Amino acid sequence: MSTMKLLTSLVSLCVLAAVAFAVPAQEKRIHHHADLSDHAHDDAHGFQYDHEAFLGKEEAKTFDQLTPEESKEKLAKIVDRIDMDKDGFVSHGELHYWIKHRQRRYIEENVNKHWNDYDQNQDGKIAWEEYKNTTYGYYIDDEFHDIEDKARYKSMLTRDERRFKMADRDRDGIATREEFTAFLHPEEFDYMRDVVVQETVDDIDKDGDGKINIHEYIGDMFSPESGETEPEWVHTERKQFSDFRDSNKDGYMDADEVAQWILPGEVDHADNEAKHLIHETDTNKDGRLTLSELIEHLDFIKISTITDYGGMKVEEHDEL
């Protein structure tokens with residue numbers, strides 16, 4: 001396996017969230033479960049976040065290549081799928097359920113994409129040795145003799161092994177499909193919470209003391225060029241750290257405080273996105289959407305999750 005292939009494989013497995021809001025940097029590590037979008041949620045600069053939230057982000061570009069008539073036809077099929085009670089309207093509940101469905105589909109498709117690469121003996125399971133040999137097999141005995149940055153590769157191997165062992169609930173060294181899903185998407189599983197937090201601390205904690213100080217916290221988001229003035233959002237983040245992130249006021253974020261920051265489980269972003277989409281497209285303000293209202297806001301909808309980010313995939317087997 002070439003160095004580039006190894007890097008590509010490792011990057012593809014990285015699940016630290018890139019979901020962002022008005023300032024992408026300030027929220028880049030928060031895990032929102034099956035990311036709604038990789039784009040900033042900032043309507044002032046476009047609706048790509050909502051596009052990917054409505055449609056599903058894997059096929060966003062496809063929709064943009066359709067003619068207006070093709071777009072309407074595809075959108076009608078999507079709306080028919082969302083309208084589960086077939087009353088001609090898309091309610092908040094139906095839209096919320098659809099967005100959650102698209103999130104689950106994204107995870108399933110991602111796992112399916114990697115499964116055959118790692119299940120070398122085709123037994124329906126993936127052993128740690130199979131994963132390790134596929135990803136790192138080119139490098140004999142984990143020594144990485146021909147790699148310039150040996151320490152980095154060894155660190156990545158150690159990190160992968162720790163996550164794999166955490167996902168392997170029965171500790172048999174073999175991952176079932178569910179366990180492999182937990183390995184690829186740990187933010188989706190409560191029992192993987194500790195490893196998600198640990199990986200975040202490892203990434204940000206530059207002095208290796210096991211906790212995050214204000215300089216490390218800001219440095220993870222903003223690296224000023226020589227003479228560059230800090231933007232206002234950095235000042236806001238400094239205050240966020242002091243007032244909220246460091247809840248015990250000891251000058252650091254420990255593991256519990258990091259967990260509160262990156263895993264805000266009480267926030268239902270699919271629900272918030274459903275409300276936002278209705279607010280933006282509900283012309284008559286009756287709290288529900290019709291196909292005509294969605295077509296009227298086609299430029300907005302074509303860049304949202306419910307249409308697979310423009311891909312408008314509507315397979316017959318894609319059951320809700």
Side-chain angles (χ1 to χ4, degrees), residues 19 32-43 46-113 115 177 181 185 188 267-320:
V19 178
H32 292 314
H33 305 280
D35 307 348
L36 292 177
S37 173
D38 294 328
H39 293 274
H41 198 180
D42 185 2
D43 291 346
F47 302 109
Q48 191 67 26
Y49 180 97
D50 303 288
H51 175 49
E52 297 187 3
F54 192 94
L55 303 175
K57 63 184 175 183
E58 288 301 301
E59 297 83 21
K61 295 180 181 179
T62 304
F63 189 84
D64 294 331
Q65 297 169 354
L66 298 176
T67 67
E69 287 307 312
E70 289 172 332
S71 297
K72 292 176 183 178
E73 180 181 347
K74 293 282 189 180
L75 183 58
K77 291 180 180 179
I78 289 289
V79 170
D80 184 62
R81 295 296 305 281
I82 299 172
D83 179 18
M84 297 178 68
D85 62 9
K86 306 305 178 188
D87 66 351
F89 298 94
V90 172
S91 67
H92 167 266
E94 289 169 331
L95 187 54
H96 178 217
Y97 189 81
W98 175 260
I99 292 173
K100 295 288 285 186
H101 168 68
R102 294 312 314 167
Q103 291 174 326
R104 291 191 299 269
R105 273 295 305 275
Y106 167 72
I107 290 174
E108 291 171 4
E109 290 168 0
N110 182 251
V111 172
N112 290 339
K113 181 171 67 175
W115 185 263
R177 186 173 287 269
T181 301
H185 297 276
E188 295 295 315
V267 180
D268 186 340
H269 292 275
D271 179 63
N272 289 343
E273 178 60 16
K275 291 175 181 175
H276 177 67
L277 285 166
I278 289 175
H279 175 75
E280 293 294 336
T281 58
D282 180 19
T283 304
N284 65 6
K285 303 303 177 185
D286 66 350
R288 54 188 185 173
L289 304 177
T290 63
L291 176 60
S292 61
E293 285 175 322
L294 290 168
I295 289 175
E296 181 182 346
H297 297 89
L298 194 59
D299 286 343
F300 179 88
I301 290 302
K302 75 180 183 180
I303 51 171
S304 147
T305 52
I306 65 175
T307 57
D308 267 330
Y309 306 97
M312 305 293 280
K313 291 174 67 176
V314 190
E315 299 92 342
E316 293 302 320
H317 64 274
D318 184 16
E319 297 299 331
L320 290 176

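What you see is a predicted model; the values in this text were computed from it and never measured. Index from 1, following the sequence.
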>> For a quick check under 3.5 Å, do T283 and E296 share a side-chain donor-acceptor pair by atom type?
In response: yes
>> Using a 3.5 Å distance criterion without hydrogens, assess whether the side chain of E280 forms a donor-acceptor pair with backbone atoms of H297.
In response: no
>> Run T290 and F89 through side-chain contact (heavy atoms from CB on, under 4.5 Å) and show every step you take.
In response: CA-CA 5 Å; T290 63; F89 298 94; 3.5 Å; yes
> What's the spacing between I99 CD1 and N272 CG if we round to 0.5 Å?
Replying inline: 10.0 Å
>> My understanding is that only residues two or more places apart in sequence, or in another chain, count here; which of them pass side-chain contact (heavy atoms from CB on, under 4.5 Å) with S91?
In response: E94
> Between the main-chain N or O of G287 and the side-chain N or O of D282, is there a donor-acceptor pair closer than 3.5 Å?
Replying inline: yes
>> Test of understanding: with side chain to side chain donor-acceptor pair (under 3.5 Å), list the residues that count as partners of N112, not counting sequence neighbours.
In response: R177
> side chain to side chain donor-acceptor pair (under 3.5 Å) with D271: which residues, sequence neighbours excluded?
Replying inline: H92, K275
> Quick one: CZ on R102 to CD1 on I78, what's the gap to the nearest 0.5 Å?
Replying inline: 7.0 Å
> Is a donor on one side and an acceptor on the other found under 3.5 Å between the side chain of E70 and the backbone of T67?
Replying inline: yes
>> Among residues at least two apart in sequence or on other chains, which ones pass salt bridge (Lys or Arg N to Asp or Glu O under 4.0 Å) with K285?
In response: none
>> Could you check whether R81 makes a cation-pi contact with Y97, meaning its NZ or CZ is under 6.0 Å from the centre of the six-membered ring and within 45° of the ring axis?
In response: no
> In chain order, what residues pass the side chain to side chain donor-acceptor pair (under 3.5 Å) check against E108, with sequence neighbours excluded?
Replying inline: none
> For the side chain of D83 and the backbone of V90, is there at least one donor-acceptor N/O pair under 3.5 Å apart?
Replying inline: no
